[in-house]
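Below is one structure, written out as structure tokens; the observations come after it.
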Amino acid sequence: MTREETIAKLEKFRLVDKYTAFMELQPAVIFSTYDHREIINDILNACSRDLLQLYRPTELKPKKSLMKKAFVSCMTEITKASVSTEDKEFAYDICWRLAEMIGADMRRNTGNRKWGYKKGGSN
């Protein structure tokens, strides 16, 4: 994926309501309160904004270490957020999907964290 395609995907990600667009990941989030949805959407939008700041100033793709740092910061904010466990799990899953989408391999060295990598799929 080119740098321009990645920037376009990140910009599109910021514009969508995460609960509407990704509800199939965890259908239980349909019962989330408006406040919890707003908190999670704000955290995820801040994450995509941070990633965009890494991509925009240069013609080169940013270092993976900088992308990982942005994701770790985002996931740490999710951990600290005053939302339900279902909302946190939903947000972690979206972060993992976003990381995979832009090519940041977050699976390494994260198994010992609260938000360790969750493999997608039917299992």
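When a residue number appears, it is its place in the shown sequence, counting from 1.
- Minimum heavy-atom separation, Glu77 to Ile43: O-CD1, 3.8 Å.
- Closest approach of Ser82 and Ile39 over heavy atoms only: O-CD1, 4.3 Å.
- Not a single side-chain hydrogen bond (donor to acceptor under 3.5 Å, both in side chains) links Arg3 to another residue, sequence neighbours left out.
- Here Glu11 pairs with Arg56 under the salt bridge (charged side-chain N to carboxylate O under 4.0 Å, His left out) rule; sequence neighbours left out.
- Atom-to-atom distance recorded for Gln53:CD and Leu66:CG is 12.0 Å, nearest 0.5 angstrom.
- Contact annotation: the side chain of Phe31 never approaches that of His36 to less than 4.5 Å [non-hydrogen atoms, C-beta and beyond].
- Residues forming a ring pair (Phe, Tyr, Trp, His ring centres under 6.0 Å) with Tyr55 (at least two apart in sequence, or on another chain): none.
- Residues Leu10 and Ile7 form no side-chain contact, since every pair of their non-hydrogen atoms from C-beta on lies 4.5 Å or further apart.
- Side-chain contact between Phe13 and Leu44 is present, with at least one heavy-atom pair separated by less than 4.5 Å.
- The line from OH of Tyr34 to CD of Glu38 is 4.5 Å long, rounded to the nearest 0.5 Å.
- Atom CD1 of Ile40 is separated from atom CG of Asp17 by 12.0 Å, given to the nearest 0.5 angstrom.
- Distance CZ/Phe71 to OG1/Thr76: 13.0 Å, rounded to 0.5 Å.
- Annotation: side chain of Ile102 is in contact with side chain of Met67 (closest heavy-atom distance under 4.5 Å).
- Rounding to the nearest 0.5 angstrom, the gap separating the CD1 atom in Ile94 from the SG atom in Cys47 is 11.0 Å.
- Using a 4.5 Å cut-off on side-chain heavy atoms (C-beta onward), Asp50 and Cys74 make no contact.
- Residues Lys88 and Ala81 approach most closely at CE-O, 3.2 Å, considering heavy atoms.
- Dense packing is recorded around CG of Leu15, with more than 12 heavy atoms of other residues, nucleotides or ligands lying under 6.0 Å away.
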Inset, instruction - Check the pair Thr6 / Lys61 against side-chain contact (heavy atoms from CB on, under 4.5 Å), numbers first and verdict last. - result: CA-CA 10 Å; Thr6 303; Lys61 188 174 179 179; 5.8 Å; no
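- Atoms CG and CD, from Leu25 and Glu89 in turn, are 12.0 Å apart once rounded to the nearest 0.5 Å.
- Residue Phe90 comes nearest to Phe22 through the heavy atom pair CE1-O, 3.2 Å, listed as atom of the first residue, atom of the second, then distance.
- At a threshold of 4.5 Å between non-hydrogen side-chain atoms, the residues Lys18 and Val16 count as touching.
- Across all their heavy atoms, Arg37 and Met23 have their closest contact at NH2-CE, 4.4 Å.
- For the pair Leu98 and Met101, the minimum side-chain heavy-atom distance is below 4.5 Å.
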